[in-house]
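One structure below.
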Amino acid sequence: MTDWHRRTLAPLTPEAWNEVDSTARRILTSQLSARRLVDFDGPHQPLMGAANSGRLEISKTEGPGGVPWGLRKVEPLVELRIPFVVNQMELDNITRGCRNPDLSALEKAAGKLVRFEETAIYHGFEAGGIQGITPSSSHDAVPLPSDAGALTQSVAEGVRTLRVSGIGGPYALVLGGEPFFALMQAGTTGYPPIRIIRNTLGGEVLWSPALQGGVLLSTRGGDFELVVGEDISIGYAMHDRDKVELYLAESFTFRVHEPAAALALQSA
């Protein structure tokens with residue numbers, strides 16, 4: 001679809017667009033943890049409205065002429081459009097060679113998008129038909145200790161639970177801000193707990209702004225799937241002499257294929 005987001009109509013030079021896109025990419029890449037761990041299906045296209053579930057729901061009543069019939073089940077995509085306003089002079093200054101333009105409005109909008117997507121994946125978004133990883137888990141939550149140094153035991157217990165359930169690795173641990181940064185600082189002497197945890201997981205330890213506790217999940221593939229119609233894009237809405245309104249857009253849904261492949265870590 002040609003210029004779906006009307007970028008060619010915006011009063012931005014190629015240099016300004018490059019800076020805007022680069023700033024958004026930097027924030028999104030550093031904060032979107034789930035995309036690094038789950039299967040990614042897409043991007044497809046802006047016109048995509050739903051993902052095929054592969055299921056057929058048979059009607060309890062017959063159709064005309066006594067013909068049996070059913071409905072193919074689909075999963076609608078959630079579409080986001082987050083507006084933000086940038087000063088026209090700041091955009092022009094980029095073309096003049098400014099290396100530190102004020103794009104704080106873009107940074108805040110990117111943070112909102114991150115929190116929405118991460119929350120939908122880890123906790124679910126019922127209004128959008130997304131159940132999420134932790135609500136779908138078939139396991140009881142594992143206690144998240146207040147002492148970061150004791151986290152190694154909780155992770156080992158969680159990995160044992162997954163393995164006993166037939167869920168292979170490698171595994172990943174995603175933590176909220178407080179436990180993640182506490183873990184980063186733990187073990188200044190001796191063998192750091194984070195290295196023990198990484199060895200236990202055989203995978204990554206990541207941070208998500210959408211979590212308070214944590215999530216332990218398998219990254220073997222096939223268990224979780226992010227289906228994306230249109231990947232994260234920046235579009236143009238309107239402008240006047242002083243301000244330019246842009247927006248961040250995305251459409252997606254999220255599927256849990258194996259509820260046993262993850263468990264939550266909850267603070268006491």
Side-chain angles (χ1 to χ4, degrees), residues 27-40 111 114-126 130-226 254-268:
I27 296 169
L28 297 170
T29 301
S30 65
Q31 296 188 23
L32 286 170
S33 65
R35 288 181 171 226
R36 298 168 58 176
L37 306 175
V38 303
D39 298 339
F40 187 91
V114 166
R115 185 169 290 275
F116 187 102
E117 182 181 301
E118 293 273 286
T119 299
I121 291 174
Y122 291 121
H123 297 304
F125 181 54
E126 185 176 356
I130 299 174
Q131 190 167 4
I133 292 176
T134 55
S136 301
S137 176
S138 57
H139 305 292
D140 294 333
V142 172
L144 180 66
S146 56
D147 178 11
L151 184 57
T152 56
Q153 183 175 350
S154 293
V155 171
E157 179 183 343
V159 168
R160 177 183 179 279
T161 298
L162 296 181
R163 285 193 179 278
V164 168
S165 300
I167 306 298
Y171 309 96
L173 175 66
V174 189
L175 296 170
E178 186 174 337
F180 177 83
F181 293 111
L183 179 62
M184 293 299 103
Q185 298 170 11
T188 54
T189 59
Y191 202 74
I194 189 169
R195 293 181 64 181
I196 299 174
I197 290 173
R198 283 175 177 155
N199 290 339
T200 302
L201 298 171
E204 299 185 85
V205 179
L206 301 176
W207 163 69
S208 173
L211 294 174
Q212 294 295 321
V215 177
L216 177 66
L217 69 155
S218 172
T219 60
R220 63 182 180 174
D223 300 315
F224 310 106
E225 182 182 27
L226 178 64
F254 180 73
R255 296 163 160 172
V256 176
H257 298 303
E258 176 48 83
L263 55 81
L265 283 79
Q266 291 183 348
S267 302

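Residue indices begin at 1 and follow the sequence shown.
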Original post:
For Asp140, does the CG atom sit with more than 12 other heavy atoms under 6.0 Å from it, leaving out its own atoms?
Top reply: no
**OP:** Might you work through the ring-ring contact (aromatic ring centres under 6.0 Å, His included) test for Phe125 and Phe254, ending with a clear yes or no?
**Re:** CA-CA 10 Å; Phe125 181 54; Phe254 180 73; over 10 Å; no
**OP:** Nearest 0.5 Å please: distance from the CZ atom of Arg195 over to the CZ atom of Arg198.
**Re:** 9.0 Å
Original post:
So, do Leu201 and Pro170 sit near enough that their side-chain heavy atoms are less than 4.5 Å apart?
Top reply: no
Subject >> Worked verdict on Leu162 versus Tyr171 for side chain to side chain contact (heavy atoms under 4.5 Å, CB included) >> reply: CA-CA 9 Å; Leu162 296 181; Tyr171 309 96; 3.7 Å; yes
Subject >> His123 side chain near Thr134 side chain, heavy-atom distance below 4.5 Å >> reply: yes
Original post:
Between Ile130 and Ala120, which heavy-atom pair has the shortest distance, and what is it?
Top reply: CG2-O, 3.4 Å
Subject >> Donor-acceptor contact present, side-chain Ser154 to main-chain Pro143, <3.5 Å >> reply: yes
Original post:
Taking all atoms of both residues into account, what is the closest heavy-atom pair of Tyr122 and Pro135, and its distance?
Top reply: O-CD, 3.5 Å
Subject >> Verdict with supporting geometry, Val174 and Leu211, side chain to side chain contact (heavy atoms under 4.5 Å, CB included) >> reply: CA-CA 8 Å; Val174 189; Leu211 294 174; 3.6 Å; yes
**OP:** Enter the distance from Asp39:CG to Thr219:OG1 here, rounded to the nearest 0.5 Å.
**Re:** 10.0 Å
Subject >> Working for side chain to side chain contact (heavy atoms under 4.5 Å, CB included), residues Val142 and Glu157 >> reply: CA-CA 8 Å; Val142 172; Glu157 179 183 343; 4.1 Å; yes
Original post:
Is the closest basic N to carboxylate O distance between Glu204 and Arg36 below 4.0 Å?
Top reply: yes
**OP:** Find the distance between CZ (Phe224) and OG (Ser136) and round it off to the nearest 0.5 Å.
**Re:** 8.0 Å
Original post:
Distance from Leu173 atom CG to Leu151 atom CG, nearest 0.5 Å?
Top reply: 6.0 Å
**OP:** Answer whether the closest heavy-atom distance between the side chains of Gln31 and Pro209 falls below 4.5 Å.
**Re:** yes
Subject >> Any donor-acceptor pair under 3.5 Å from Thr152 side chain to Ile197 backbone >> reply: no
Subject >> For Ile133 against Ala262, the heavy-atom pair lying closest together >> reply: CG2-CB, 3.4 Å
**OP:** Would you check if Leu206 and Leu175 make a side-chain contact, meaning some heavy-atom pair closer than 4.5 Å?
**Re:** no
Original post:
Within a strict 4.5 Å, meaning less than it, do heavy atoms of the Glu258 and Arg220 side chains meet?
Top reply: yes
**OP:** Answer whether the closest heavy-atom distance between the side chains of Asp223 and His257 falls below 4.5 Å.
**Re:** no
Subject >> Donor-acceptor contact below 3.5 Å, side chain Gln131 vs main chain Glu126 >> reply: no
Original post:
So do the side chains of Leu183 and Pro193 get within less than 4.5 Å of each other, counting heavy atoms only?
Top reply: yes
Original post:
Would you say the side-chain atoms of Ser165 pair up with the backbone N or O of Ile167, donor to acceptor, closer than 3.5 Å?
Top reply: no
Original post:
Checking side-chain contact (heavy atoms from CB on, under 4.5 Å) against Glu117, which of Thr119, Val114, Ile121 comes through?
Top reply: Ile121
Original post:
Shortest non-hydrogen contact from Gly168 to Ser218?
Top reply: O-OG, 2.6 Å
Subject >> Student check: side-chain heavy atoms of Ser208 and Phe180 closer than 4.5 Å >> reply: no
Original post:
Would you find more than 12 non-hydrogen atoms of other residues, nucleotides or ligands less than 6.0 Å from Glu178 atom CD?
Top reply: no
Subject >> Worked verdict on Leu216 versus Val159 for side chain to side chain contact (heavy atoms under 4.5 Å, CB included) >> reply: CA-CA 8 Å; Leu216 177 66; Val159 168; 4.1 Å; yes
